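Here the structure is a predicted model, which means the values were calculated and not measured. Heavy-atom basis, side chains included; hydrogens, waters and symmetry copies ignored. Every chain is numbered from 1, with letters handed out A, B, ... down the list of sequences.
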Amino acid sequence: MIRHAKNLKPSNMEEITEPVSQPDLTFPLTDLPDRSSQNRIRQKKFHALTTGMVLVFFAVLLACAVLLLVLPAFSSLKEADASEPSWPILSFDEYFSGDYAKEIAGYYTARTASLKGFETAGITAGSLLGMDALPVEEAGEASGRIRRSASQDGSADQAEDSYLDVVKSKNYHVENRTAYMQNGFLMVQQDNHWRAFSLYTAEDPSLYAETINYIRQMVNTDVNIFVMPIPLASQFYTPSNYESQNTDMKDTFRSLSIKLISRVKDIDLIDTLNNHNAETIYLRTDSHWTSLAAYYAARDFTRIAGVPFAGMEAYRRKVRADYTGSMYALTGDTKLLDDAENFVYYIPSNGYTVDYYDRNFQYLFTDGLYFNTSVSDSYNVLFGKDDQIIRITTDVDNHRKLLLVKDSFGNALVPFLTSSYEEIYVVDLRYFELNLINFINELQITDLLFAQSYGTLSDTNAELLEYITYSNLEAAVLDQAPPAHPAAGENPDLEEDSGNYPEIQEIKSPEIPTEETVDSGWNYDPPAQDYESWDNTGWEDMDWQDAGWEDIDWEDAAGDGTDWDPAAEEDISEDTPGWEETDWQDAGWEDTGWENPAGDGMDWEDPAGEDAGWYSEDSDYEDNSYYEDE
Amino acid sequence: MGYANLIFLYGFLPLCLILYYFFNSIFIRNLILILFSLIFYAWGEPLWILILLFSAVFNWFLGVNAHRFRMESLGRILMIFAVAVDILLLVVFKYTGVVNPFPLGISIYTLQAISYVIDCYRDRIEPQDRFYLFLLYFCMFPRIMGGPVERYRDMESRLESRTISASDIYEGILRLVTGLTKIIVFAGHLLPIADTFFDSSFSGLSVLGAWYALLCFTLYLYFELSGFSDIAIGLSRLFGFHLKENFDHPYMCRTITEFWQRWYVSLGTFFGDYLFPSVARRFHKSLALCLVWVLMGLWHTAAWNGLLWGLFHGLFLLLEQLLGEERIRRIPVWIKHIYTKLVILIGFGILYFDDMRKLGGFFRNLFGISLFTGSAGLTDPAALQSLTGSLILLIPAIILCAPVRKRITEPFLNSKNDAVYKRTLILQMAGCILLLAVCTLFLADGSAGSLLYWKL
């Protein structure tokens with residue numbers, strides 16, 4: 001197009017020339033109605049009809065607007081399990097960040113969705129459009145297609161599953177199986193193996209959600225808050241004939257989700273885990289999930305949190321055979337004892353240090369993540385116990401600091417987060433005695449994750465959360481641990497490896513403790529108050545089952561944690577309590593100079609003859625004359 | 001706030017319409033529109049409204065003065081300064097990643113501002129001396145999210161005087177509901193399919209899966225962007241404005257040149273009017289063409305793959321120019337259709353992946369290179385299952401890429417039989433109400449996937 005502005009002096013004007021040849025950017029006709037005279041006459045003729053229809057449309061629109069606002073107030077018109085979403089609380093920060101507006105929109109949508117039949121109709125319509133035919137549906141995010149095969153030990157390097165099997169597994173209500181109740185727990189036989197778990201009853205997460213919403217308002221707006229309830233085994237393994245006694249955890253999640261404000265991100269693990277339910281994601285003889293399940297959960301979480309995540313190839317896999325967990329003791333059913341399982345866990349290969357604190361955040365010691373517990377206590381192989389605060393400093397450099405508020409289920413997540421965060425604090429809800437908000441603010445936490453199992457989102461645990469949120473405001477938060485700067489790959493849990501680390505290492509335990517042998521030393525788990533009476537700097541890590549004897553003043557010449565090197569005087573000090581309780585299962589007496597061909601630790605034969613007279617049927621430790629002879 | 005949510009459809013819009021139609025005074029109607037537009041914009045992003053208002057005040061002021069001093073060098077300086085600041089705002093807020101996500105609609109209103117100032121300087125329009133009328137043009141909520149990029153001169157005549165007939169409202173309702181259906185029913189359900197397959201590890205994605213996902217993404221993009229345009233056109237008709245068409249069934253094209261005459265037309269004409277002449281004056285026209293299309297690609301997405309996508313299309317445009325119209329006309333139509341569909345599909349594949357490695361993996365799967373490495377097959381059960389399950393969505397989606405609605409309704413609307421005409425009007429409105437109900441169900445259920453994935 002050429003256009004010259006009028007009355008312009010040529011010297012001041014830049015001539016607008018015809019554009020050089022370019023793609024013809026005119027466009028053909030539109031969808032505008034035909035403006036022919038015939039149609040215009042017609043439009044006038046049917047003006048009344050057109051007006052009438054317009055009015056009908058607006059009437060429908062207004063009626064819907066009013067009904068959608070009013071109807072949710074009638075409980076008889078709502079779904080049975082629908083909860084009343086709460087009007088968002090206005091705050092300055094939330095308004096200016098735009099979240100307040102989003103919460104209002106979310107409130108309105110939630111109210112609408114609670115109307116009877118609405119959600120079902122929507123889901124049905126979605127199914128008609130083929131949404132059910134998608135191979136995976138994970139936690140609100142786009143899904144991946146790599147599958148693990150249905151191997152018992154959950155090894156990560158198997159071929160992909162058939163996708164059809166995965167699709168079928170979306171239906172997590174399995175057919176009738178051999179099942180019966182035992183001491184209030186359900187025993188289920190599946191693929192010739194027995195499994196025990198408790199059925200889930202509905203819970204009201206209102207208090208839990210309210211408390212988290214309050215935390216959201218009281219911490220810095222930059223803090224990302226996530227709530228990731230961990231499903232229980234009953235969600236995936238309850239046979240049809242017991243379904244009516246088991247509440248669908250999805251209902252609880254929905255209820256929780258509606259109650260949480262939009263700036264708290266809820267993460268639904270149910271579909272994710274269901275897509276892997278042919279793998280070993282839950283222990284059969286224990287109430288807990290497996291490390292593999294925690295891996296999938298951590299993967300979902302890190303994706304949503306926007307932090308790095310290391311794939312399975314970055315972990316060392318360890319297997320403990322003949323594991324029988326707590327369900328055996330709870331049910332008393334010997335089928336579980338006779339059908340022990342493998343306990344698999346994974347050790348990260350990146351660098352980290354782990355500082356342990358007591359419940360009041362007083363620094364105790366620095367160690368690794370893993371402890372050499374007995375096989376029967378394998379679930380505590382991580383951290384050893386729950387009633388301590390843990391800080392993990394990693395070789396990740398992203399200035400993200402995670403606070404994980406967990407119950408026992410949350411432990412298994414931690415190894416899979418060591419490649420995601422620069423620092424991780426782990427706090428067990430049951431054993432925390434500071435104020436949670438102060439803790440978050442003082443330590444400048446960037447990400448807060450609540451990872452507790454279903455069944456703990458209400459009642460006592462919700463009250464606990466409420467307590468640590470509102471109480472102990474004066475409790476000081478001061479991290480007195482030495483600053484830690486782990487180098488890449490510097491990892492206390494892999495230090496003992498020679499480098500030729502076997503892919504599978506089986507750690508067999510002594511026999512599973514019976515009541516008679518519970519105090520025999522190796523499995524001795526004294527109550528906490530005993531620790532304070534021990535005059536030994538190393539014993540404050542509290543548990544005889546703590547391994548690593550090597551890290552509590554006992555020199556460990558052989559390096560396997562069970563050698564007693566009496567060269568360190570305190571090793572053989574008779575003042576050291578508990579000697580008489582220890583079960584000397586010949587752990588390397590050969591390196592103490594005591595010949596022990598019998599190998600049982602208690603029978604001192606003296607084939608060499610150099611300590612003639614030394615042999616005695618008594619304990620010999622009291623035979624100080626030997627030393628005098630030397 | 002977006003258009004495709006319940007609070008907009010059943011809260012914001014009815015309230016706005018009630019107030020708008022209640023008052024007869026054009027002045028009050030304009031104020032109502034401005035107020036609701038600012039509320040709409042500030043709803044989810046209260047801070048970014050400051051950018052919008054700053055841009056409005058800045059460009060209005062400089063437009064007035066660029067026009068006043070157009071005969072002197074000062075006018076040119078003011079015009080260049082205004083354009084530079086507008087571009088700087090766009091670059092800083094959209095492309096540098098300083099702000100994430102970037103302010104809503106910044107791509108739209110920035111181009112509008114640039115067109116206004118340049119037209120004022122070139123004396124194509126009389127600058128608006130009343131700021132509130134300029135603000136109405138600048139931030140009108142029907143257009144702010146997804147366009148079209150409307151020129152001031154096309155709206156000027158209706159700012160102070162407009163009539164609204166029953167037919168305008170009727171047609172506005174049809175377009176509005178059409179747009180909502182495109183976004184909620186189609187776009188919202190096509191994108192999850194593409195995401196599901198594209199987000200997986202490519203070692204497992206079969207050739208069929210790759211093409212299937214690509215098809216879904218291509219359809220999604222059309223329905224999302226044209227849906228927003230339909231909503232803009234429909235809503236504007238309700239308020240008495242007639243906007244130009246922005247999408248004209250682009251997948252019916254027979255050349256890439258024609259594709260760009262049908263795809264986001266307002267953007268193409270903007271670049272053609274304001275950018276191409278200046279660039280072509282300084283560079284060889286082929287280079288100018290490629291440069292303009294690179295910018296076109298960058299406008300669509302604030303990532304390096306937008307640049308690549310624009311260049312990809314620019315090269316094909318150049319190729320067609322070199323071939324010439326005569327030679328192109330001689331090519332059989334079916335070959336032209338295959339050629340254009342392939343270019344469009346592959347181009348949108350480039351637009352999807354902003355990660356070079358993933359883009360490479362995508363191409364390996366798409367062209368079957370992974371067959372030779374054994375890492376993927378020709379088909380896979382998941383893709384087959386999803387494809388067969390979503391045919392009920394895909395087939396209508398593909399059909400609706402053609403001007404089907406017009407072809408079906410036009411004979412009835414042009415029928416000499418009044419009864420047929422009446423019935424057609426009634427059926428159209430009944431269909432609208434039904435579609436509105438379906439959209440409401442999807443919105444309440446939340447099953448429509450992520451809407452406004454494509455932020456402009």
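B:I18 places none of its side-chain heavy atoms less than 4.5 Å from the side chain of A:F58. With a 4.5 Å cut-off on side-chain heavy atoms, B:M429 and A:V56 do not count as touching. The side-chain heavy atoms of A:L61 and B:I433, taken from C-beta on, include no pair separated by under 4.5 Å. Contact annotation: the side chain of A:L49 approaches that of B:I426 to within less than 4.5 Å [non-hydrogen atoms, C-beta and beyond].
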Can you check side chain to side chain contact (heavy atoms under 4.5 Å, CB included) on A:F57 and B:L436, steps first, answer last?
CA-CA 10 Å; A:F57 180 86; B:L436 184 67; 4.1 Å; yes

For B:Y170 and A:T51, run side chain to side chain contact (heavy atoms under 4.5 Å, CB included): C-alpha distance rounded to whole Å, both residues' side-chain angles, the deciding distance at 0.1 Å, then the answer.
CA-CA 8 Å; B:Y170 179 88; A:T51 308; over 6 Å; no

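Using a 4.5 Å cut-off between heavy atoms, B:V177 touches chain A through its side chain atoms alone. Within the 4.5 angstrom heavy-atom criterion, no atom of B:L15 approaches chain A. For B:I173, the part sitting under 4.5 Å from any heavy atom of chain A is the side chain, from C-beta outward, and nothing else. Heavy atoms closer than 4.5 Å to chain A are found nowhere in B:L384, neither backbone nor side chain. Looking at B:F270, there are no atoms closer than 4.5 Å to chain A (heavy atoms on both sides), in backbone or side chain. Within the 4.5 angstrom heavy-atom criterion, only side-chain atoms of A:L62, from C-beta onward, approach chain B. For B:L17, the part sitting under 4.5 Å from any heavy atom of chain A is the side chain, from C-beta outward, and nothing else.
Looking only at heavy-atom pairs under 4.5 Å with chain A, the residue among B:L394, B:L9, B:I169 that has the most is B:I169. Interface remark: of the candidates B:E320, B:K422, B:E258, B:K422 forms the most heavy-atom pairs closer than 4.5 Å to chain A.
Atom CG of residue B:L6 and atom CG of residue A:L69 lie 11.5 Å apart, to the nearest 0.5 angstrom.
Closest of all the heavy-atom pairs between A:C64 and B:Y10 is CB-CE2, 3.3 Å.
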